[in-house]
Number of protein chains: 2
Amino acid sequence: MSSSDSTETASAKPSMRDALVAAAFQLFLERGYEQTTVDDIVALAGVGRRSFFRYFPSKEDVVFPDHERCLADMTAFLAASDAAHEPVRRVCDAARLVLLMYAENPSFSVQRYRLTKQVPGLRAYELSVVWRYERALAEYLRGRFAGRRDGNLRADVIAAAVVAAHNNALRSWLRSDGQGDASAAVDHALGYVQSAFGAPPAAPAEEHPEDVVVVVSRRGAPLWRVVQEIETTLGRD
Amino acid sequence: MSSSDSTETASAKPSMRDALVAAAFQLFLERGYEQTTVDDIVALAGVGRRSFFRYFPSKEDVVFPDHERCLADMTAFLAASDAAHEPVRRVCDAARLVLLMYAENPSFSVQRYRLTKQVPGLRAYELSVVWRYERALAEYLRGRFAGRRDGNLRADVIAAAVVAAHNNALRSWLRSDGQGDASAAVDHALGYVQSAFGAPPAAPAEEHPEDVVVVVSRRGAPLWRVVQEIETTLGRD
DNA sequence: GCTCGGAGGGAACTGAGTGCCATCGGCCGC
DNA sequence: GCGGCCGATGGCACTCAGTTCCCTCCGAGC
C-alpha cells in the first residue's frame with residue numbers, strides 16, 4: 001500500500017481502507033491470522049466493526065486488497081486486444097500484469113506470501129482469485145480460438161499453463177524474499193509455455209540463410225518425436 | 001452414494017455418514033445450499049448436531065464426500081510408479097482416476113455440479129480440492145524431472161495442463177447430464193496435452209513407410225512456424 | 001453386578017457476517 | 001442562517017458455522 005491514492009476511483013480519501021489494511025497486517029504478523037479477530041483489527045484502527053465489512057466483504061479480503069483492481073485491469077487489457085495480437089503472447093502479457101502488481105510492493109507481497117502459505121483459509125481464497133484470472137485468460141482465448149478444432153480445450157489448457165508458469169516464477173521470487181529479477185524469471189517461464197504451444201518466443205528470426213536443417217519423417221510417426229528431433233537439431237531443448 | 005459400504009475402511013457401518021449425505025443433498029436440492037443450515041440437515045437425518053461435525057469437518061465437506069479417498073488413491077497410484085512409466089502419460093492416467101470417481105455415480109455428480117456452479121463457497125472449496133490433485137501430479141513430475149533443466153517449471157505447467165484438460169472434458173460431460181462417453185472425451189483432451197508436451201499419444205505409429213514428408217527449415221526460423229508447418233502437412237491441425 | 005471405552009447427544013461459547021437504525025457532518029435550496 | 005437531504009459511519013442484535021466440554025448410552029470384558 002503506497003501512502004497516496006490507490007484503489008478508489010481517482011480522488012483522495014482512501015484513508016480508512018488503508019488504515020484497516022495496515023492494522024490488519026500488523027496484527028496478522030505479530031499474532032497470526034486466525035488468532036486475530038475482526039474486532040481486534042477495528043479496535044486498532046479505531047473504527048467501527050461495521051465499517052470493516054463495508055470495505056472488505058470478508059476477513060480474507062483484507063489480505064488481498066488490490067486483486068480486484070488487478071483483475072479489472074487484466075480484463076480491460078484483454079478487451080482492448082484485436083486480431084493482430086498473437087493470442088498466446090497476448091495472454092502471457094496479460095499475466096505479466098499480475099507480476100507487476102506484486103512487484104509494486106515487494107515487502108508487502110512477501111509478507112502476504114508467508115501468510116497465505118501458512119493459513120489454509122487464505123490459500124483457498126487465493127486459489128479462487130487465481131481461478132478468476134485463469135478464467136479471464138481462458139475466455140479471451142476461447143474467443144480467439146472460436147471455430148478452431150478443440151478451441152475451448154486449447155483455450156483452457158493454455159490459460160492453465162500460462163497461470164502455472166507465471167505462478168511458478170512468482171512463487172520462487174517470493175520465496176527468495178523479493179531478491180532477484182522477477183520479471184526475467186516470469187519471462188523465462190512464459191517463454192517455455194509459448195514455445196510449447198506454438199507462439200513465437202519473442203525474438204524474431206534473424207536471417208541466416210546458410211543455416212539450414214532438413215527433417216525427414218514418416219506421416220505415421222508420432223508428432224512428439226518429430227518435434228523432439230527438431231528441437232534437438234535446432235539446439236533449443 | 002451407493003447404498004452399501006463405500007467410504008469407510010472396509011467393513012459395514014457407514015450408515016450415519018451416508019444418512020447425513022442423503023439428508024444434506026435432499027435439502028440442498030429442494031431449497032438451496034445456503035438456505036439449508038446444518039441444524040436442518042441433522043434434524044432431517046435424526047442425529048445430533050455434534051455428530052455432523054464428527055463426520056464432516058465443515059458444511060462444505062458433505063458435498064464432496066469421496067474426494068479424500070480419491071486423492072489417497074491418486075497418491076498411492078503415483079507412488080507405485082517406477083522409472084519405466086513415461087511421466088506425462090502416467091499423470092494422465094492418474095487424472096483418469098478422478099473421472100472414474102465421477103462416473104461411478106453420474107446422477108450424484110451432475111447434481112453436485114449444478115450445486116457447485118451456483119454457490120461461490122462450494123466453487124472455492126472445489127478449487128482447493130482440485131489444487132490438491134494438481135499438487136500431487138506436480139510433485140510426482142518434479143521427482144521424475146529432477147535434474148532436468150527447468151524441471152520444476154515443466155512439472156508445474158504440465159500438471160496444470162493435465163488438470164485443465166481433464167476438467168474441460170469432465171465439465172462438458174457434466175453439463176450434458178452425464179450423457180455421452182466421458183472416458184472418450186477425457187482421453188481426447190489428455191491426448192492433446194500429451195501431444196503438446198512430448199509424450200506419445202497412445203497409439204504407436206503404424207508402419208506406412210511410403211508416407212514420407214520432408215520439412216526444410218532455416219535454423220533461425222521460429223520453432224512454432226516449423227511445428228505449425230508440420231502439423232498442417234501431417235493433417236493434424 | 002461392575003467398570004471401561006467409544007459412539008453419540010446436547011448446551012454453551014466464539015467469531016464471522018448481516019440487517020436495521022441512529023448519528024454525524026457536509027451541502028443544497030430557501 | 002436554517003431545515004432538510006445524503007452519504008459515510010457507528011452500534012446493536014441477530015443468524016449460523018464451528019468448537020469445547022460434559023453427559024448419556026451401550027456393549028465388551030471381568
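Below, read A as the first sequence line, B as the second, and so on, with proteins coming before strands; counting in each chain starts at 1. On a predicted model such as this, the values are computed, not experimentally measured, just so you know.
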Please enumerate all protein N or O atoms sitting under 3.5 Å from an N or O of nucleotides 9-11 of chain C, with distances to 0.1 Å.
residue	atom	partner	partner atom	Å
C:dG9	OP1	B:G48	N	3.4
C:dG9	OP2	B:G48	N	2.8
C:dG9	OP2	B:S51	OG	2.5
C:dG9	N7	B:R54	NH2	2.7

* Mind checking whether B:V186 and B:W173 have side chains closer than 4.5 Å, heavy atoms only? -> no
Atom [atom1] of [X] and atom [atom2] of [N]: how far apart are they, to the nearest Å?
X	N	atom1	atom2	answer
B:D61	D:dA17	CG	P	14 Å
A:I41	C:dG17	CD1	P	10 Å
A:F52	C:dG19	CZ	C1'	18 Å
A:E60	C:dA16	CD	P	10 Å
B:R17	C:dG8	CZ	P	13 Å

* Asked: Step by step, would you call A:D150 with B:H188 a side-chain hydrogen bond (donor to acceptor under 3.5 Å, both in side chains)?
  -> CA-CA 10 Å; A:D150 289 333; B:H188 175 71; 2.7 Å; yes
* Asked: Looking at DNA chain D, which of residues 116-131 of chain B put a heavy atom within less than 4.0 Å of it?
  -> none
* **Contact residues, residues 32-39 of chain B to DNA chain D [heavy atom, < 4.0 Å]** => B:T36, B:T37, B:V38
* Asked: Between B:Y125 and B:F64, what is the ring plane arrangement, given parallel below 30°, perpendicular above 60°, and tilted in between?
  ->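 Aromatic pair B:Y125/B:F64 classed parallel.
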Electrostatic pair [X]:[Y] at N-O distance under 4.0 angstrom:
X	Y	value
A:R135	A:E139	yes
B:R69	B:E104	yes
A:R132	A:E68	yes

* Using the six-membered ring of A:Y33, assess whether NZ or CZ of A:K59 lies under 6.0 Å from its centre and within 45 degrees of the ring axis. =>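 Yes, cation above the ring, under 6.0 Å and within 45°.
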* Asked: Can you check ring pair (Phe, Tyr, Trp, His ring centres under 6.0 Å) on A:Y102 and A:F108, steps first, answer last?
  -> CA-CA 8 Å; A:Y102 277 82; A:F108 178 76; 9.2 Å; no
* Quick one: are the ring centres of A:F77 and A:Y140 less than 6.0 Å apart? -> no
* **Verdict with reasoning, A:R144 to A:D82, per salt bridge (charged side-chain N to carboxylate O under 4.0 Å, His left out)** => CA-CA 9 Å; A:R144 297 299 306 272; A:D82 59 51; over 6 Å; no
* Pair B:R90-B:S81, side-chain donor/acceptor within less than 3.5 Å -> yes
* Give a yes/no answer on whether the side chain of A:Y55 brings an N or O atom under 4.0 Å of OP1 or OP2 in D:dA8. =>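 For A:Y55, the contact criterion (side-chain N or O under 4.0 Å from OP1 or OP2 of D:dA8) is not met.
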Name the atoms and distances for all side-chain donor-acceptor pairs under 3.5 Å in residues 156-168 of chain B, with sequence neighbours left out.
residue	atom	partner	partner atom	Å
B:D156	OD1	B:R142	NE	3.1
B:D156	OD1	B:R142	NH2	3.2
B:D156	OD2	A:N168	ND2	2.8
B:D156	OD2	B:R142	NH2	2.8
B:H166	NE2	B:A95	O	3.4
B:H166	NE2	B:L99	N	3.4
B:N168	ND2	A:D156	OD2	2.8

Determine all donor-acceptor pairs shorter than 3.5 Å in which one atom belongs to a side chain in residues 43-50 of chain A; sequence neighbours excluded.
residue	atom	partner	partner atom	Å
A:R49	NH1	A:D39	OD1	3.3

* End axis versus end axis in the helix from C:dG1-D:dC30 to C:dC30-D:dG1, the angle rounded to 10°, five pairs used at each terminus ->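 Answer for the end axes of this duplex: 10°.
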